[in-house]
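For reference, the structure discussed in these notes is given below.
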Amino acid sequence: MNETRQPQIMTVLGPVSPQDMGVVDAHSHLYIAPIPGAPPDAPVLTDAAGVARELAAFRAAGGGAVVDCQPGGCGRDGRMLRRLSRQSGVHVVAATGFHRQLYYGSEAPLFDMSAEAAAAVFMDEIDDGLLETRAGEAEAVYPGVIKIAAEATLESSPWALFEAAADVCRRTGYAIEMHTERGAAAEGFLAFFHEQGVAAERLVFCHVDKRPDIGLHRELARAGVLLEYDTFFRPKYEPERHVWPLIGEMIAGGWAGHVALATDMADPALWAELGGQPGLLGFFSIIRQGLVRMALPAAMIDGLLGGNIARRLATGEERQRG
């Protein structure tokens with residue numbers, strides 16, 4: 001009699017059960033190396049010691065995990081992610097996939113590949129580890145999510161890479177976390193994935209709270225998409241006016257299970273240990289406390305603060321590593 005394998009999430013230190021992830025920052029960045037030729041305002045985050053201290057404080061406050069959404073070729077370093085996880089005790093989920101082309105500088109061979117060739121690159125990292133972690137390392141670091149990036153329209157997005165991500169998602173069950181340009185064209189991207197045979201239950205659409213259209217959000221949730229909200233630390237997006245009422249309306253409509261909350265701290269100015277604010281502990285002092293003030297059931301808060309994204313990332317796929 002075959003035993004049913006329990007779903008697990010691949011972290012940089014190995015597989016973890018979803019229920020053991022705890023409080024999860026559903027979308028952030030822990031380390032971003034500078035890329036030659038990238039725009040001057042491209043994010044760079046290299047103070048690993050400061051980030052490690054802040055992750056340790058996050059862990060001490062009850063934090064469990066962070067989903068690092070920096071894919072290969074544009075500043076990701078899986079070796080550093082593994083070190084940060086070991087030092088802090090925080091689970092870290094790394095990403096294969098691709099970001100917006102502008103973050104790669106002049107050397108971005110991925111964007112000239114066919115869908116088949118790009119899918120082979122993503123599958124290679126899932127099967128054999130992140131490329132930068134193989135040479136001279138005792139063990140490779142494996143990704144746990146496929147990160148992709150949409151442009152403001154379907155037409156301007158890299159179709160071959162989207163097709164590659166859809167192919168790998170179908171083959172492995174790995175979830176896709178998609179950067180959106182403030183939620184633009186989300187309906188069209190959902191239709192694209194449907195045509196590609198990707199279940200909406202494998203999709204996470206990021207930054208969609210920058211487009212606080214409750215009708216759109218309920219439509220996406222009804223289809224099965226997990227919506228990631230992350231403007232809590234950014235006054236220019238008026239979170240009190242937009243994201244908090246949006247959360248309330250989603251809860252009122254019965255869609256709390258389709259929302260995941262995050263910090264998206266790619267900017268060093270958001271890290272307290274790097275001289276900025278509010279810091280990763282804002283996940284508790286701002287985000288969690290905001291949910292507590294709404295007098296939500298504990299189980300609902302647990303879902304919004306980690307359970308929803310953990311269930312989405314979990315896969316029962318067992319793969320031969322290395």
Side-chain angles (χ1 to χ4, degrees), residues 9-12 14-15 27 29-38 42-43 67-82 92-137 139-151 154 156-180 189 192-193 195-198 202-204 206 266 313 315 317-322:
I9 299 167
M10 180 55 67
T11 76
V12 297
H27 180 123
H29 302 266
L30 302 180
Y31 186 88
I32 308 173
I35 299 298
V67 182
D68 185 276
C69 285
Q70 198 71 19
C74 59
R76 182 193 69 192
D77 190 333
R79 297 161 298 187
M80 189 61 67
L81 297 181
R82 177 170 56 197
V92 175
V93 178
T96 189
F98 64 94
H99 212 323
R100 298 181 67 200
Q101 187 170 4
L102 65 90
Y103 293 128
Y104 289 78
S106 58
E107 296 296 327
L110 190 64
F111 290 86
D112 293 324
M113 291 184 182
S114 66
E116 293 77 12
V121 171
F122 305 155
M123 284 298 307
D124 179 54
E125 291 208 311
I126 290 173
D127 286 336
D128 295 327
L130 304 180
L131 185 61
E132 69 274 13
T133 70
R134 300 180 197 175
E137 293 289 323
E139 55 181 335
V141 172
Y142 296 92
V145 68
I146 305 165
K147 160 68 182 292
I148 67 174
E151 298 296 340
L154 278 74
S156 59
S157 298
W159 279 93
L161 299 188
F162 270 71
E163 291 171 355
D167 178 23
V168 173
C169 175
R170 290 193 308 267
R171 291 159 63 182
T172 65
Y174 270 46
I176 293 173
E177 275 208 39
M178 184 180 78
H179 163 97
T180 70
F189 288 109
F192 164 83
F193 283 113
E195 292 171 0
Q196 290 287 315
V198 173
R202 303 315 301 148
L203 300 174
V204 183
C206 300
L313 294 176
T315 173
E317 182 79 4
E318 186 167 13
R319 310 193 63 77
Q320 192 71 32
R321 304 289 178 186

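Just so it is clear, the values below take in all heavy atoms, side chains as well, and ignore hydrogens, waters and symmetry mates. Position 1 is the first residue of the sequence, and the numbers go up from there. This is a predicted model, so every value here is computed, not measured.
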Can you find a pair of side-chain heavy atoms, one from Ile176 and one from Ile148, that are under 4.5 Å apart?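 Touching, per the 4.5 Å side-chain cut-off.
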Do side-chain atoms of [X] reach the backbone of [Y] as a donor and acceptor pair under 3.5 angstrom?
X      : Y      : result
Lys147 : Cys69  : yes
Tyr174 : Ile126 : no
Arg202 : Gly173 : yes
Arg76  : Ala94  : no
Gln70  : Tyr31  : no
Thr11  : Val93  : no

What's the separation between atom [atom1] in [X] and atom [atom2] in [Y], rounded to the nearest 0.5 Å?
X      : Y      : atom1 : atom2 : answer
Ile9   : Leu313 : CD1   : CG    : 5.0 Å
Phe193 : Arg170 : CZ    : CZ    : 10.5 Å
Gln101 : Leu161 : CD    : CG    : 8.5 Å
Tyr142 : Thr96  : OH    : OG1   : 13.0 Å
Met123 : Arg171 : CE    : CZ    : 4.5 Å
Thr133 : Glu125 : OG1   : CD    : 8.0 Å

Check your understanding: Do Ile32 and Tyr103 pass the side chain to side chain contact (heavy atoms under 4.5 Å, CB included) test, and can you show the C-alpha distance, the side-chain angles, and the key distance before you say yes or no?
Key -> CA-CA 11 Å; Ile32 308 173; Tyr103 293 128; over 6 Å; no
I need the minimum non-hydrogen distance between [X] and [Y], along with the two atoms involved.
X      : Y      : result
Asp167 : Ala119 : OD2-CB, 3.6 Å
Pro143 : Ala95  : CB-C, 3.9 Å
Ala42  : Ala38  : CB-CB, 4.0 Å
Cys206 : Thr180 : O-OG1, 2.6 Å
Ala164 : Ala115 : CB-O, 3.4 Å
Pro158 : Ala149 : CD-O, 4.3 Å

Note to self: Less than 3.5 Å apart, any donor N or O on the side chain of Ser156 or Glu151 sitting next to an acceptor on the other?
What the structure shows: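 No pair is found: no donor N or O on one side chain lies under 3.5 Å from an acceptor on the other.
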Mutual orientation of the aromatic rings belonging to Phe98 and Phe111 [parallel < 30°, tilted 30-60°, perpendicular > 60°]: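 It falls in the perpendicular class, over 60°.
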_Strictly below 4.0 Å, N to O, side chains only: are Glu132 and Arg79 in salt-bridge contact?_
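Looking at Arg79 together with Glu132, the answer is no, because their closest N to O distance does not fall below 4.0 Å.
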Worksheet item: Given Leu203 and Met178, is the side chain to side chain contact (heavy atoms under 4.5 Å, CB included) satisfied, shown in steps?
Response: CA-CA 8 Å; Leu203 300 174; Met178 184 180 78; over 6 Å; no
- [ ] Please lay out, stage by stage, how Tyr104 and His99 fare under the test side chain to side chain contact (heavy atoms under 4.5 Å, CB included).
- [x] CA-CA 8 Å; Tyr104 289 78; His99 212 323; 4.0 Å; yes
* How far apart are the C-alpha atoms of Phe122 and Leu110, what are their side-chain angles, what is the distance that settles it, and do they pass the side chain to side chain contact (heavy atoms under 4.5 Å, CB included) test? -> CA-CA 10 Å; Phe122 305 155; Leu110 190 64; 4.2 Å; yes
